[in-house]
Amino acid sequence: MTLHTSAIDRLCKRNVELAAFSTYGIGGMANYLAMPESSSDLADLLQDCNKRGIPWYIFGMGSNILFPDEPKHDLVFISLKNLVELQVSNGKWYVSSGTPMSMLSLMGLMGGTDLLDFTFLLPGCLGAGIYMNAKYNARQICDILDVVYYIDTTDPSLKVQSLAAADCLFAYKQSIFQMNPWIIVGADLNIPVSSEEQIDMTSVLLKDWKARGSHPSSLPSFFSFFLGEVHALAGKGIETPQAMLDIIKYRTSKRHFDFPSCGSVFKNNYDYGVAVGSLVDQLNMKGTEYGGAIISPHHGNMILNQKNAKAADILYLINLISESINTHYGFVPEPEIVLV
């Protein structure tokens, strides 16, 4: 393959600030950044990287990630947030990995089911949600999956393969995908298709999302889009269920979308039995500032980018919380945030 026709040259933008691709609004200049819109483009890109010996890094919306202030120069960053597709296949919903998890709640709302309500205002894409088995209260992403589709990066063909959800080793914020060099490209849901009207309305919703183009990974923008869509559906006579109203109330009361952040920084230690946010509160650490970062005054398990923070500022507060919890409670909390 000649240089001018390579997948890297065809699909990559050059010299892109990673801050626009993370809900933290943090990240230095990437020499290469790609946003493939199909699994075949993704495979072509990976083939080209492997052929040239160029390392790559895959991510989604960037809602659970902290990019470095100075990224490696030869690293190809690959965002899957343009890999967005919702379609019906053999009576099941197929959802590609770049589709926002929150879109599923609206799809369920339009189909008259409350089984997807818990995904409302979950930041991030479905692929990352499957990878980490994202949850809200007692509900988890694995509850709604039938089959997961993925690319095994050790397979020279890079063909899309499938795995039944029952075989994905799902547990609390765990999955088989954390144990293998596999890239999730989509999934079949176990939620039935309710009507042609649901299909048509879902198609319009998808067009509305895609019309935003290569939008920044901004939490306020994310919140306003999905809240606006709920209000639009209410205007058409589709009432917002109480579970979704409760989610809106909870996330706004905790000021989840006021400042750039990645949501919860640490996983809760259920063996200990007290949420990390509560432990931080007991240690009187809420509101602690360092550089441009602050431990949220409203939620002890969130660290906010308050004043143009650097990755180093966030890392300092992460380490401060870890050391303090270990000193006072005898365990080191496991990070939920992904540190690149």
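A continuous path of hydrophobic side-chain contacts links V88 to L126 [ILVMFWY only; heavy atoms under 4.5 Å]. A continuous path of hydrophobic side-chain contacts links I314 to F266 [ILVMFWY only; heavy atoms under 4.5 Å]. Put simply, L116 and V230 are part of the same group of oily side chains (I, L, V, M, F, W, Y) that touch within less than 4.5 Å, one to the next.
Residue-environment remark: CG (N326) exceeds the threshold of 12 foreign heavy atoms within 6.0 Å. By the neighbour-count criterion of 12 heavy atoms within 6.0 Å, atom CD of E197 is sparsely surrounded, having that number or fewer from other residues, nucleotides or ligands. Within 6.0 Å of atom CD in E70, 12 or fewer heavy atoms from other residues, nucleotides or ligands are found, so the atom counts as exposed in its surroundings. In the displayed structure, N90 atom CG is contacted under 6.0 Å by at most 12 heavy atoms of other residues, nucleotides or ligands.
In this structure, L109 CG and T240 OG1 are separated by 6.5 Å, a value rounded to the nearest 0.5 Å. With values rounded to the nearest 0.5 angstrom, L189 atom CG is found 8.5 Å from D146 atom CG. Separation of atoms OG1 (T99) and CG (L104) is listed at 7.5 Å; rounding is to 0.5 Å. To the nearest 0.5 Å, atoms OG (S38) and CG (N82) are separated by 11.0 Å. To the nearest 0.5 angstrom, Y57 atom OH is 9.5 Å from L75 atom CG.
Of the residues I303, V265, I65, the one that meets the side chain to side chain contact (heavy atoms under 4.5 Å, CB included) test with I337 is V265. No option in V84, I58, L80 other than L80 meets the side chain to side chain contact (heavy atoms under 4.5 Å, CB included) test with S97. The one candidate from H256, K254, R255 that meets the side chain to side chain donor-acceptor pair (under 3.5 Å) condition with D258 is R255.
Between F222 and T23 the shortest side-chain heavy-atom distance does not fall below 4.5 Å. Side-chain contact between Y172 and K267 is present, with heavy atoms from C-beta onward closer than 4.5 Å. Residues L106 and M244 meet the side-chain proximity criterion, which asks for heavy atoms closer than 4.5 Å. Side-chain atoms of F59 and N64, non-hydrogen and from C-beta on, never get closer than 4.5 Å to each other.
Judged as a salt bridge (charged side-chain N to carboxylate O under 4.0 Å, His left out), and not counting sequence neighbours, D313 has no contacts.
For S224 (side chain) and S221 (main-chain N/O), a donor-acceptor pair under 3.5 Å exists by modelled atom type.
The pair D44-R10 counts as a salt bridge, with a side-chain nitrogen and a carboxylate oxygen less than 4.0 angstrom apart.
A centroid separation of 6.0 Å or more is found between the aromatic rings of F77 and F21. The distance between the ring centers of W182 and Y131 does not fall below 6.0 angstrom.
Counting only residues at least two apart or in different chains, salt bridge (charged side-chain N to carboxylate O under 4.0 Å, His left out) contacts with residues 158-185 comprise K173-E336.
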